[in-house]
Amino acid sequence: MARLFTSVKIVIELSTVDVMKTNTQSKTTKNKNQDKLYSQPREAISSFVFDESVVKVFEDMIGRSVPGYATLLSMFPVLTHVFIQPDSRCYDLGCSLGAATLAIQQGIKVEGVEIIALDNSLAMVEKCQTLTSEHKSQAKVSVKLADICESEITNASLVVMNFTMQFVQKEAREPLINKIYSGLNTGGAFVLSEKIKCSNSREQDRLTALHHDFKKANGYSDLEISQKRSALENVLIAETVEQHVYRLKQAGFSEVLVWFQCFNFVSFLAIK
Ligand code: GEK
């Protein structure tokens, strides 16, 4: 019962943060941090990279592009509270500006936890280091420039990969998940959030249309949506829910479930 009350308290605290964030976002939509990267016609569209220009507008970009992003993050303290073990590590793989790290921090109520946030974009890591250092945390936070496919994972009770697997080469995904499984302690959890595709073309068309409507409702033009889609082609490789679940089960996870979905954006919970 006491545990239930603690969880409820965490959600209420986070909702306040969300409201603040939403207010900030509506202000930033009028300033230089608004994502306008694809607003002008381009002669040629080069492949999307997480460079300085993306970092500048990233918070606005991800909030207006990923349906359910803020709600998903607001649940991370609850998941953390449930799975975190004292004297263990949490990993945020593909941390960008550290939004997941900051949400995880709020759920840590035990001693001896270290959060390791990794990203292979120098521009992201530099800004993430600044942003995370501005927040007080019970856990030690280390933000590092690293390729998650090359990094060690040990003594983990929670591993979060929030919309990053989709950018990892397809053949590297299975070894990465196997490594995460090996690095987790028994009872630990892997939270994997991804844009998904559907094997049923009608469902795929419906979810794509809803996603586009979401982006348009958030102020993106048809030109911006279509140029961004071209930039992400061959960079963001989505897979079906079945492919993800199969791979997670093959790795050995005893429990695999979808705990969150908003249109074609899904988050899986895999427990060791
Ligand atoms: C969030 N998790 O806000 N190694 C390390 N980092 C990588 C790799 C790799 N091999 N491949 C891609 N990245 C964040 C959002 S964004 C998702 C994550 C998006 C990094 C890349 O540099 C970028 O910062 C991040 O993964 C993906 O909760 O923009 O849709």
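Small disclaimer: the values here were computed from a predicted structure and weren't measured. We count ligands from 1, going down the list as the structure has it; atoms in each ligand are counted the same way. The chain is numbered in sequence order, starting from 1.
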Exercise for the section: Going by heavy-atom distance to atom 17 (C) of ligand 1, choose the closest among Phe76, Phe58, Phe163, Tyr69. Expected result: Phe163
Handout entry: Gln166 to ligand 1, any heavy atom closer than 4.0 Å
Key = yes
Problem - ligand 1 atoms in contact with Ala146 (distance to a heavy atom under 4.0 Å) - result: 4 (N), 5 (C)
Practice task
Indicate whether any N or O donor in one side chain lies under 3.5 Å from an N or O acceptor in the other, for Asn162 and Asp92.
Solution key: no
Completion exercise
Taking only non-hydrogen atoms of Phe50 and a 4.0 Å limit, the atoms of ligand 1 in range are 21 (C), 22 (O), 23 (C), 27 (C), 29 (O)
Handout entry: Nearest heavy atoms of Phe214 and Arg64, plus distance in Å
Key = CE2-O, 3.4 Å
Problem - Test side-chain hydrogen bond (donor to acceptor under 3.5 Å, both in side chains) applied to Ser157 and Arg89, step by step - result: CA-CA 6 Å; Ser157 54; Arg89 295 195 177 114; over 6 Å; no
Exercise for the section: Kindly confirm or rule out an N or O of Leu73 lying under 3.5 angstrom from an N or O of ligand 1. Expected result: no
Exercise for the section: Please say whether Ile148 places an N or O atom under 3.5 Å from an N or O atom belonging to ligand 1. Expected result: yes
Practice task
Consider only side-chain N and O atoms of Asn33 and Glu59, and report whether a donor and an acceptor are under 3.5 Å apart.
Solution key: no
Practice task
Heavy-atom contacts with Ser121 under 4.0 Å: which atoms of ligand 1 show up? List them by number with element.
Solution key: 22 (O)
Problem - Val191 side chain reached by Ser267 side chain, heavy atoms, under 4.5 Å - result: yes
Handout entry: ligand 1 N/O within reach of Asn162 N/O, cut-off under 3.5 Å
Key = yes
Handout entry: Centroid-centroid distance, His211 to Phe265, less than 6.0 Å
Key = yes
Exercise for the section: Check whether the ring centres of Phe253 and Tyr181 lie less than 6.0 Å apart, and answer yes or no. Expected result: yes
Completion exercise
Nearest non-hydrogen protein atom to atom 22 (O) of ligand 1, with distance, is Asp119 OD1, 2.6 Å
Handout entry: Any Gly98 heavy atom less than 4.0 Å from ligand 1
Key = no
Handout entry: Region of Ser65 engaging ligand 1 - heavy atom pairs below 4.0 Å
Key = neither
Practice task
Identify the protein heavy atom lying closest to atom 14 (C) of ligand 1, giving its residue, its atom name and the separation to 0.1 Å.
Solution key: Gly94 O, 3.5 Å
Handout entry: atom 18 (C) of ligand 1: the protein heavy-atom neighbour that sits closest, reported with distance to 0.1 Å
Key = Ser96 OG, 3.1 Å
Exercise for the section: For the residue pair Phe163 and Tyr69, categorise the inter-ring angle as parallel (less than 30°), tilted (30 to 60°) or perpendicular (more than 60°). Expected result: tilted
Handout entry: Pairing of Glu152 and Lys179 as salt bridge, 4.0 angstrom limit
Key = no
Handout entry: Met124: numbered ligand 1 atoms lying under 4.0 Å from its heavy atoms
Key = 24 (O)
Exercise for the section: Note the single closest protein heavy atom to atom 10 (N) of ligand 1, along with its residue, its atom name and the distance in Å. Expected result: Asp147 OD1, 3.0 Å
Practice task
Among all protein heavy atoms, pick out the one at the shortest distance from atom 7 (C) of ligand 1; state its residue, atom name and that distance to 0.1 Å.
Solution key: Asn120 OD1, 3.1 Å
Handout entry: Shortest protein heavy-atom distance from atom 19 (C) of ligand 1, along with the residue and atom involved
Key = Phe167 CE1, 3.6 Å
Problem - Residue and atom name of the nearest protein heavy atom (relative to atom 26 (O) of ligand 1), distance in Å to one decimal - result: Thr164 CG2, 3.4 Å
Problem - Where Val168 and Cys149 come nearest, the two heavy atoms and their spacing - result: CG1-SG, 3.9 Å
Handout entry: Polar side chain donor-acceptor pair, Glu134 to Thr130, under 3.5 angstrom
Key = no
